[in-house]
2 protein chains.
Amino acid sequence: MRISTRFSDSIHILAFIEIYKDIKVSSEVIASSIETSAVVVRRLMGNLREAGLLDTKQGSAEPKLAKDPSQITLLDVYFATEGNKPLFELDKKTNPDCIVGGNIQEVLGDYYEQAKISAQRKLNETTLKDVIETILVKQKYKDSQK
Amino acid sequence: MRISTRFSDSIHILAFIEIYKDIKVSSEVIASSIETSAVVVRRLMGNLREAGLLDTKQGSAEPKLAKDPSQITLLDVYFATEGNKPLFELDKKTNPDCIVGGNIQEVLGDYYEQAKISAQRKLNETTLKDVIETILVKQKYKDSQK
DNA sequence: CATTTATGTAACTCAATAAGTTACACGAAT
DNA sequence: ATTCGTGTAACTTATTGAGTTACATAAATG
């Protein structure tokens, strides 16, 4: 299983907006930090807006977090970008006339759900505030090494 | 993130082999339970063999589990099929000259690792024996409803 | 208030990858 | 010896995420 870079990129976007909240921040500028295109950034910002995590206004380069960073968890961002997609893929169909094929999907589905919930619970323990603080601490250390 | 059907299919294969251990089981037969092709099944069986979970012999339709079903966890199968691929994708590169871009990969990597371990721990709690038993119980219930 | 700047979004291309197919060498069973 | 089955390489196809182009519309600016 693999979670696409959309998730990482969305966290990146939110962290960037919060850290640089005092200056103008266009999708172009954010894109250059992620090293992707501005359109991709805008698309992701659209998801974050729909999820109620971000406020944006067309035409104005002034995105704002819709909540305090301490109230946004990685799980919130996960749902905003990945929705309710399953973490583990089940087959579309297996042979219903076979004992194994006829039952395994349901059985595995239950176990997968447990593993997924477990991962999500962990993501829910970390807030955007934690991420930002850790980024700033790391940067401070780098600066002190120069 | 999404784990491919290879994982589900591999568990399916192992469960099938164990349940039908008294009769001849060719890749063709297993494929018809999964509703896929025999070559795909053989490829997966190759992975399981490499991981030390399955014994197969070229030419003979008699695959055997290499361990007792109670000693094979879903995590073992996970590693056999998915290896050590990350659960969450990080960007290949972000702008090192930006405070956010220069630090976020390392920061997120740490949090991702925690979530991944959490999911894996859950997968490690379930054995092939559990899966097989649950399949058989479900089947028994279905049969009793006829 | 006209011009510039920026967002929001649709439509398309491109690349990566999982799944499925064909082909065939080689081992095992009969 | 012939048939059956595995192991594997090489190819095709489908899906999907990422990136691009284009443009309508909203806000900022001088």
Side-chain angles (χ1 to χ4, degrees), chain A residues 1-10 12-13 16-17 20 23-51 54-64 78 80-83 85-94, chain B residues 1-10 12-13 16-17 20 23-51 54-64 78 80-83 85-94:
Chain A
M1 92 195 171
R2 211 144 309 101
I3 297 249
S4 64
T5 58
R6 276 201 298 268
F7 180 43
S8 295
D9 289 347
S10 297
H12 192 141
I13 290 170
F16 193 98
I17 289 172
Y20 293 104
I23 62 174
K24 266 205 152 195
V25 168
S26 68
S27 58
E28 195 68 52
V29 172
I30 300 174
S32 80
S33 174
I34 301 181
E35 299 205 338
T36 182
S37 79
V39 175
V40 171
V41 170
R42 276 179 246 149
R43 271 205 291 247
L44 293 173
M45 286 173 79
N47 294 144
L48 294 168
R49 177 163 28 82
E50 285 169 25
L54 190 63
D55 288 332
T56 62
K57 246 191 302 184
Q58 185 168 0
S60 123
E62 290 167 2
K64 296 270 172 241
Y78 175 86
T81 54
E82 305 284 336
K85 288 184 200 162
L87 195 52
F88 301 86
E89 281 299 315
L90 284 168
D91 284 317
K92 290 86 350 230
K93 53 173 202 156
T94 46
Chain B
M1 93 193 171
R2 213 147 308 99
I3 295 249
S4 64
T5 58
R6 275 202 298 265
F7 180 42
S8 295
D9 289 349
S10 297
H12 192 141
I13 290 170
F16 193 99
I17 289 172
Y20 293 104
I23 62 174
K24 266 207 153 192
V25 168
S26 68
S27 57
E28 194 67 52
V29 172
I30 301 175
S32 79
S33 174
I34 301 180
E35 299 205 338
T36 182
S37 79
V39 175
V40 171
V41 170
R42 277 180 246 149
R43 270 205 291 247
L44 294 173
M45 287 172 77
N47 293 144
L48 294 169
R49 177 164 27 82
E50 285 169 25
L54 189 65
D55 289 332
T56 63
K57 245 190 304 181
Q58 186 171 358
S60 121
E62 289 166 4
K64 298 271 173 238
Y78 176 86
T81 54
E82 306 285 336
K85 289 184 200 163
L87 196 51
F88 301 85
E89 281 299 316
L90 285 169
D91 284 316
K92 291 64 27 208
K93 54 172 201 156
T94 46

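Reminder, nothing fancy here: chain letters follow the sequence lines and each chain counts from 1. On a predicted model such as this, the values are computed, not experimentally measured, just so you know.
If you take CG of A:Asp9 and P of D:dG17, they are 13 Å apart, rounded to a whole angstrom. Rounding to whole angstrom units, CZ of residue B:Arg6 and P of C:dG20 are separated by 11 Å. The CG-C1' distance, from B:Leu48 to D:dT8, rounds to 16 Å in whole Å. Atoms CD (B:Glu28) and P (D:dT3) sit 18 Å apart, rounded to a whole Å. Taking atom NZ of residue A:Lys93 and atom P of nucleotide C:dG20, one finds them 11 Å apart after rounding to whole Å. Atom CZ in B:Phe7 sits roughly 17 Å away from atom C1' in C:dA18 (whole-Å rounding). Distance CG (B:Leu44) to C1' (D:dG7): 13 Å, rounded to an integer number of Å. For the pair A:Lys64 NZ and C:dT7 C1', the interatomic distance rounds to 16 Å; values are reported in whole Å.
Listed pair A:Arg49 / C:dG8 meets the phosphate criterion, a side-chain N or O lying under 4.0 Å from OP1 or OP2. Of the side-chain N and O atoms in B:Lys57, none sit less than 4.0 angstrom from OP1 or OP2 of D:dC4. For D:dA18, the OP1/OP2 oxygens have no side-chain nitrogen or oxygen of A:Thr36 closer than 4.0 Å. Contact between the side-chain N/O atoms of A:Thr56 and the OP1/OP2 oxygens of C:dG8 is found at a separation under 4.0 Å.
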Where do N or O atoms of nucleotides 3-6 of chain C meet protein N or O atoms at under 3.5 Å, pair by pair?
from, atom 1, to, atom 2, distance (Å)
C:dA6, O4', A:Gly59, O, 3.4

Between the protein and nucleotides 10-15 of chain C, list every N/O to N/O distance that falls short of 3.5 Å.
from, atom 1, to, atom 2, distance (Å)
C:dA11, N6, A:Arg43, NH1, 3.3

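Of the N and O atoms on the side chains of A:Arg6 and A:Thr81, not one donor lies less than 3.5 Å from an acceptor on the other residue.
Comparing C:dG20, D:dA28, D:dT20 against the side chain of B:Ser37 picks out C:dG20 as the nearest.
Relative ring orientation between A:Tyr78 and B:Phe88 is described as perpendicular, the plane-to-plane angle rising above 60° on a 0-90° scale split at 30° and 60°.
Looking at B:Ile34 and B:Phe16, their side chains never come closer than 4.5 Å, going by heavy atoms from C-beta outward.
Taking five base pairs at each end of the helix from C:dC1-D:dG30 to C:dT30-D:dA1 and finding the rotation axis that steps the C1' atoms of four pairs onto the next four gives two axes whose angle is 10°, to the nearest 10°.
Annotation for A:Glu35: atom CD counts as buried by contact number, over 12 foreign heavy atoms lying within 6.0 Å.
When all heavy atoms are compared, the tightest approach of A:Val25 to A:Tyr20 is CG2-O, 3.5 Å.
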